[in-house]
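Just so it is clear: chains get the letters A, B, ... in the order the sequence lines come, proteins before strands, and each one is counted from 1.
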Amino acid sequence: MIKNMKNMKNITAIILSGVMLLATSCNKYLDINTDPNNATSASAELILPQALNYTASMISSFNNYGVQVGGYGANAGGYGGFGTSITYNFTTSEYSGLFSSSYDLLNDYQTIINKTAGDANYNYFNAAANIMKALHFQLLVDTYNDVPYTDALQGSKKLSPTYTDAKVIYKSIADSLDAAIAKINAGAANTNVVPLGSADIMFGGNTTSWKKLANTIKLRILVRGNGKVTFSNSTFGSDGFLTTDALINPGYTRDNGKQNPKWNTWGWGYTGSPGTKSWMPSTFSKTFYDGIKLTDNGRGKAVYYQFPTTPTNQLGFEGVSVVSSPDGTFWFPSTSRVGTSAGNSVGVLKGPNAGLPVITAAESYFIQAEAALKGIISSTTAAAAFSNGITASFKYLYMLPDGSTSGNPTADAATYLTDNASSYLVNYGLATSDAQRLEAIITQKWVALNFVNSDQSWNDYRRTLYPKLVNTPGATALQTFASRVSESTRPDKLPTRVLYPASEGSYNTANVPKGISPFSSLIFWAQ
Amino acid sequence: MRKLLYTFVVLFSMSLAANAQVRTLKGKVGDQNSAPLQGVTVRLQGKAEKAAITNEKGEYEIKAATGDFLLFSSVGFRTERIKVTAAGTLNVTLTEQVNIMDEVVVTAGGVKTKRKEIGTTSSIIKAESLVAGKSTSIAGGLQGKVAGLQVSNTGGGINPNFRLVLRGQRSLTGNNEALLVLDNVIVPSSMLGNLNPEDVEDIVVLNGSGAAALYGSQASNGALIVTTKKGKNGVTQVGFSQTTTVESVAFFPKIQERFGAGGSGYGVDLQGFGNFSYLENQSYGPAFDGSKRPLGPPLADGSQDSTYYQFYPGHNDFWNQGLINQTDFNVSNGDANSTMYFSAQYVGQSGTTPGDLYNRSNVRLNGTRRIGNTINLSYSTSYTQNRYDITTATGSMYDQMLNMPVNVDITRYKDWQNDKFANPNGFYNPWYPNPYFTAANNRSATRNDYLTANVELKFTPVKGLDFVARQGITTRNYSNKNTTGAFKFTDYAKHTDASSKSDIAASVSDGMGYSTQLLTDFFTQYKKTISDFSLNVILGGQWKQDQSKGINVSANGLVVPGLFNVNNGVGTPGASESNSLSHSMGAYSKGTFGYKNYLYLTVSGRKDWVSILAPENRTFFYPAAEMSFIASDAFDFLKNSRTISYLKLRGGWSKVGQVNLGPYALLPTFSPASGFPFGSQAGYTVGNTLVSNNLKPEITKGYEVGFDLNMFDDRFTSNVSFFHTNTTNQTVSTGVSGTTGFTSLRTNTGETMSEGLEVTTHVTPIRSKDWNVTVGGIYTLLKNEVVSISADLPRLGLTSTGVGSYAVAGQPFPVIMGYDYKRDAAGHVIVDATTGLPTQSDTISNLGNAQAKHKLSLDGSIKYKAFTLSFLFEYRGGYQIFNQIGPGMDWSGTGWRTALYDRKRFVFPNSVIADPANPGKYVTNTNIEIANGNGNNGFWTDGINRGVTSNYVTSADFWKLRELSLAYNVPSKLLANSKFIKGCTVSLQGRNLLVWMAPDNYYTDPEYSSAGSTSNGIGLSGYETPPSRYYGATVSFKF
């Protein structure tokens, strides 16, 4: 027994020391938590191209929203269930992606800003990220008015970000654009500066273009906030505004996840299956092409399939008589309708490999025209910018996916002026009042941005109420783009905004503005 | 006189003694299956010293006299008291007794413990009870049988998933499922559906976290310790059985039967009903009139489908009658040195969803072997393979089916290949495809192979001292292929009427991977009894490795028709890979100190090291203590009580740390964005989860007290427990406002509380030679609450969307949050004074508690001679469910609610309007009607109905007849002619035969959880296939 007890003690001692030994050598056993699946850090060079590509798909989403709410599109035959798309009585789930994806994307830009802050060698990356951040905050304000800005994008530091007044955001992002331009200029003076290079899938590293983009965004902010926001600096440096289209193209091609996002949504998927067919052109929008309001054979043929006999519908009219959309929609003019081969066309969709316009030259010129009209800038005249805008619109629409031009945009733009010789909406000189001049500028912008950056036209409509609609009862589809089953209480029967998404109601309950109405809660610049 | 009397008594006694002739009595003791029982104690009543023990053949010899009473007792069997007659042999059959308190059970670590030593709540489910309903899954067989254990079937369909939770949810966003231990090896809970229930010897359920010292922190959620069968010494047994079970739908969503296809979008008739439309999916047309109506546009050949405009029950007939065939074979054998048990099972199943097939094969080999006098080797191995051939589109198929108006006889559209009206080209509805086609065209073929094995070597150098080394492995190897077939529509189909038919591109997705868990245990156990004191100490270490890998590739736009291979696609194939490896180790010690066999104190402690936390947080210690006091053995007045046969008082306290986190969760991640790389240009996106490198384990502290009381010779048995736990420092993964730049957050915060009462009681009013009736019940009261979260986060979303299941401080855990109508202070719905329409609330609010407060099971077994009838009812109550199918049913117009007001204008019930005279006050609305009481642009399909969550939150209370079975043991004399059949049982059984839902639940089984079996976000059901009932028959033979 004693012997056994002794044995046991020995054995226990062996076990205990074994356990201890293992405990001490355990670090090797336990230090295995290195992630084999995902990178745990990424450089600004790796994040920027992705963020810009994300911007392209966000701009495409904003365009979809503009097409649907802003009067370019109507429900096509073959689909039901448009619900709030035609009643305008929006819930917290409609267009919620515009909000949530914007912040997801903004976090990518913010990460670049945070990573490069204080590193003079990364001035270009820092500036580019700040310019894009300003762009997306303007898109957010124009859609939602007050949004989280000061408290936003701070991760765990502010888990329930407060909402910043829209006008304060406008002022702040205008300032940040000035700062970004200054950073680019400082970067140019630094011989060690890291060039944007191939990470810049918009301008290929051309920093002058970035400065022009910054100025153009700032001008858009100034024009829209004109009279409502007191900006700290309303002047512009010598770099000027965009005179060419700012296109994002990382190398779009017909492949899995690699198509131009607008083409991917409306045209065909890379497998050849058609995109969404639930929308078709509105009757109202076609009146600016087919001679009812204006005659525009050149751009009509570039934008619409089967123009001038393109079928249209008025939003909210549902019935079996409404024509179904063809594969690739009516916004793809080519007669080639086979998904695996279509896609080398002029117009708004062009092809799977086309660049995605962030801001077109046409938009830049029309913003300048309005700014000149209102005395915000004096670098150009309203008339000159207006004329350049029309030509630039023809040029963009006549461009093929590879950037080459089909047809003669300049000549057709001239024809457009003569075809509508008596209309002040086309011939700026005929406008006799500032109201008519503004109507001409905004209406031409509306035509130029049809299915290009439709959300920008929708913003301008809400701000200026142009293009003019007939609001009297019984107004026809030619006179208004408002839905036939609108539940809006506004005179124009249109909504004025979409609601904050449900996720904010859930996760930011205390801060999300309450009592928002899609019919009466105006964006600060809206009427 | 007194002396004389004394002498007389003595003389008389002596003469009695002389008359009662003492002789040697022989006999055999066996169990109900006539298997010999070794080790049965046979003693003369009143003479403790005169005892015999049966040998391996069950034989005994004892000196006894006629008229003496012999007591036959053995652990696990009811003691028999038999009067000695003149016969020379006395053969006795002992019946197993489930609740006897002296029995030895296998608890944590595979350590055998006397039940009376255990200070915390435990239950044993024996094989007989587990397989009574012939559930093909162990989880199904456990439903309603254990106090404190909630077994929920969280999804419909074939081999459904179950969620097993003991004593409520503790962790806010981490794992709350009970730990599953199979033959001492921790296995994933998915194994519950992949084990052969017939192999199970018993399942010990440890409700509390008492097993944590030996199994580690995963056992903080309680544990189910499954022990499989072993061969028995001296018994050779061969068994064969065949079960055939029919599965049919037990509960259909309630649909309106009066209105068919159409809606106000097509204009209204004179009565204000929406017009009929021959291609509409929404059922907002006029009331049925029985007339013959066209269905869909004419086909290219000019023919046109049609229907009578009347109700057809196709929505119910759409679901098939499933069939399950289960074949079982087993053989076991044993001698003094070794035992073995071998079994094989095959289950073949066709489901209620058209086209769904499943099969499962199991083999198991268990054995023990003595090597010399000091070494025991035991092993248990099992291999399972299952194969699924099911649709991937259950949800959309179901939605499409609900979007077929009830004037369409759905079952006519089954033959989509040959019937031109069922073919996608000719199908009448241009928007919602034929659900039969959808089910057939979207398939998943999955194979899973599971191997579980455990080898244990036990070295006993001296009696009372054991060294045990054990290696367990559980591994799953799987592959799956999901396919979508191509379909090219004819131009005619694409462009007729308002068609939105679009070509379908074929696609394929292939995945494979494995997960392997290794568990190594090494411990020593020392047992010693010194006079009144006993000691049982365990000291050990445990090492665990979890490793898994998954790879998936996919291709789209398949070129060659019918060839589902990823090399047949166009464009860049999609590819993904994930790897995971984690280690943990623990050093533990547990000691049980006994006094006089009626007082036991157990203390334990464990220290864990885990790889998935940062080095400074990776170790933690957790202690536990429990006490058991057998009052009925300690006090003489109880010992001699004829009423109380057993009384045990028990209590325990424990603290457990749990790491509710996967590996690699401490650092932010960046991943390649969709589409990248474009050529050589890479692009990475910032992950959406806010992480912390300083996460610590969650800590659960709790106590429990209770008693076990048996009375009237164990004819009344009861167990009562009260428990309370608090879990703090939760590792939380939750949604946050996207404006932070992130959408989810991982942090340590929050506290939950769970407390409740568990009562099990059974009575045996009749126990005789022919009759044995036992009835009883199990009641569980659960109060499960979120105590706090954090100042920053007043609530946590447990499911992804805004509306869903939430943890909210101060509320039951979890609650359903969603939109309600705007209401006045008294709760009346405020409607517009002109339109009569209510308004949706601005933000979501608490709409109900999702955790059942009360659970009650009533069970019984009635044995008469060779017949046994048993039943089990289960009730759950005091909670709510959000039926997410509801908005869809209202959309389609098949929903019962949509016809409540005959599709006419109506005054919103219980509503108020603003009082024009008193701003801020409201007056009852008696006459302002909602103008459009139709759908299809009217009230029912509008957001103001479908977007308001509270319309679809119903009581989740239910009663179910879980199990009903009738078994007949063919008497042995009938089998006497056959030399080799030793036993034969024929049984009929059913599961979930009857269900009673709350009257406002028109939708589906509230056990379902659309968030899945592993999510704590319970309280939401979706498009799961309707719940099933099962009924079938079994014939089994023993050879």
Over 60° means perpendicular and under 30° means parallel, so tell me whether Tyr144(A) and Phe99(A) are parallel, tilted or perpendicular.
perpendicular

In terms of heavy-atom proximity below 4.5 Å to chain A, should Lys501(B) be classed as side chain, backbone, both, or neither?
backbone

Measuring only between side-chain heavy atoms, which start at C-beta, is Leu465(B) closer than 4.5 Å to Pro461(B)?
yes

Between Pro161(A), Gly505(A), Ser273(A), Gly251(A), the one whose heavy-atom pairs under 4.5 Å with chain B are most numerous:
Pro161(A)

Looking at Leu613(B), Leu667(B), Thr747(B), Val686(B), which one has more heavy-atom pairs under 4.5 Å with chain A than the rest?
Val686(B)

So which of Asp104(A), Thr509(A), Asp255(A), Val512(A) has the biggest tally of heavy-atom pairs under 4.5 Å with chain B?
Asp255(A)

Which region of Glu577(B), side chain (C-beta onward) or backbone (N, CA, C, O), has a non-hydrogen atom less than 4.5 Å from a non-hydrogen atom of chain A, or is it both or neither?
backbone

Tell me, for Pro148(A) versus chain B, whether the close heavy atoms (under 4.5 Å) come from the side chain, the backbone, both or neither.
side chain

CD1 (Ile516(A)) and CZ (Phe90(A)) are apart, to the nearest 0.5 Å, by 14.0 Å

Does Phe317(A) have Arg484(A) sitting over its ring (NZ/CZ under 6.0 Å from centre, angle to axis within 45°)?
no

Can a side-chain donor-acceptor contact be found between Thr253(A) and Gln259(A) if the only test is distance below 3.5 angstrom?
no

Using only heavy-atom distances, determine whether the side chains of Asn38(A) and Tyr664(B) contain a donor-acceptor pair under 3.5 Å.
no

Classify the ring geometry between Phe523(B) and Tyr588(B) as parallel (under 30°), tilted (30 to 60°) or perpendicular (over 60°).
tilted

Side-chain donor-acceptor pair present, Asp31(A), Ser611(B), cut-off under 3.5 Å:
no

For Thr340(A) and Thr271(A), work out which heavy atoms get closest and say how close.
CG2-O, 3.9 Å

As an exercise: rank Ser41(A), Ser278(A), Ser503(A), Gly272(A) by heavy-atom pairs under 4.5 Å with chain B and give me the winner.
Ser41(A)

For Thr743(B), is it the side chain, the backbone, both or neither that has a heavy atom under 4.5 Å from a heavy atom of chain A?
neither

For Ser325(A), is it the side chain, the backbone, both, or neither that has a heavy atom closer than 4.5 Å to a heavy atom of chain B?
neither

Of all of Val570(B), Ile844(B), Ile504(B), Thr685(B), which one pairs up most often with chain A through heavy atoms under 4.5 Å apart?
Thr685(B)

Could you look at Thr40(A) and say if it's the side chain, the backbone, both or neither that has a heavy atom under 4.5 Å from chain B?
both

Select one option (side chain, backbone, both, neither) describing which atoms of Pro573(B) are under 4.5 Å from chain A's heavy atoms.
backbone

Pair Lys494(B) + Asp503(B): basic N to acidic O under 4.0 Å:
yes

Tell me, side chain or backbone of Asn89(A) under 4.5 Å from chain B's heavy atoms, or both, or neither?
neither

Residue part contacting chain A, namely of Val610(B), when any heavy atom lies under 4.5 Å
backbone

Answer with side chain, backbone, both or neither: which region of Leu666(B) has an atom nearer than 4.5 Å to a non-hydrogen atom of chain A?
side chain

If you count heavy-atom pairs under 4.5 Å between each of Ala42(A), Ser96(A), Ser93(A) and chain B, which one has the most?
Ala42(A)

With only heavy atoms counted, which part of Ser198(A) is less than 4.5 Å from chain B, the side chain, the backbone, both or neither?
both

With rounding to the nearest 0.5 Å, note down the distance linking OG in Ser744(B) to CG in Leu796(B).
11.5 Å

With a 4.5 angstrom heavy-atom cut-off, which part of Glu45(A) approaches chain B: side chain, backbone, both or neither?
backbone

Less than 4.5 Å to any heavy atom of chain A: does that hold for the side chain of Ser584(B), its backbone, both, or neither?
backbone

When rounded to the nearest 0.5 Å, the distance separating OH of Tyr284(B) from OH of Tyr266(B) is 13.5 Å

What residue in Leu558(B), Val559(B), Ile612(B) has the most heavy-atom pairs under 4.5 Å with chain A?
Ile612(B)

is_close_aromatic(Tyr163(A), Tyr500(A)), centroid dist under 6.0 Å:
yes

Winner by heavy-atom pair count (cut-off under 4.5 Å) against chain A, out of Ser578(B), Pro663(B), Ser671(B), Gly557(B):
Ser578(B)

Against chain A, label Asn688(B) side chain, backbone, both or neither, depending on which of its atoms sit under 4.5 Å from a heavy atom there.
side chain

Do Asn114(A) and Tyr109(A) have a side chain donor and acceptor closer than 3.5 Å?
no

Considering only heavy atoms, which portion of Leu106(A) lies under 4.5 Å from any heavy atom of chain B: side chain, backbone, both, or neither?
neither

Could you tell me which portion of Leu581(B) (side chain, backbone, both or neither) has an atom closer than 4.5 angstrom to a non-hydrogen atom of chain A?
both

Per-residue contact mode, Pro250(A) against chain B (heavy atom under 4.5 angstrom)
both

Give, as side chain, backbone, both or neither, the part of Ala51(A) having an atom under 4.5 angstrom from any heavy atom of chain B.
neither

Give the member of Gly683(B), Ser582(B), Ala555(B), Ser580(B) that has the highest number of heavy-atom pairs under 4.5 Å with chain A.
Gly683(B)

Polar side chain donor-acceptor pair, Asn403(B) to Gln282(B), under 3.5 angstrom:
no

Against chain A, label Leu745(B) side chain, backbone, both or neither, depending on which of its atoms sit under 4.5 Å from a heavy atom there.
side chain

Which answer fits Asn511(A), side chain, backbone, both or neither, if we ask what part of it has an atom under 4.5 Å from a heavy atom of chain B?
neither

Cation over ring, Lys258(A) on Tyr270(A), under 6.0 Å and within 45°?
no

Chain A contact via Thr843(B) - side chain, backbone, both or neither, heavy atoms under 4.5 Å
side chain

Gln154(A) versus chain B, heavy atoms under 4.5 Å apart: side chain, backbone, both or neither?
backbone

Of all of Asn37(A), Asn256(A), Asp151(A), Leu499(A), which one pairs up most often with chain B through heavy atoms under 4.5 Å apart?
Asn37(A)

Heavy atoms only, distances under 4.5 angstrom: which of Ser692(B), Ala682(B), Gly943(B) has the most pairs with chain A? Name it, please.
Ala682(B)

Lys822(B) bridged to Asp842(B) by N-O distance under 4.0 Å
yes

Side chain to side chain, Tyr684(B) and Asp108(A), heavy atoms closer than 4.5 Å
no

Is the side chain of Lys549(B) donor-acceptor paired with the backbone N or O of Gln547(B) at a distance under 3.5 Å, no angle test?
no

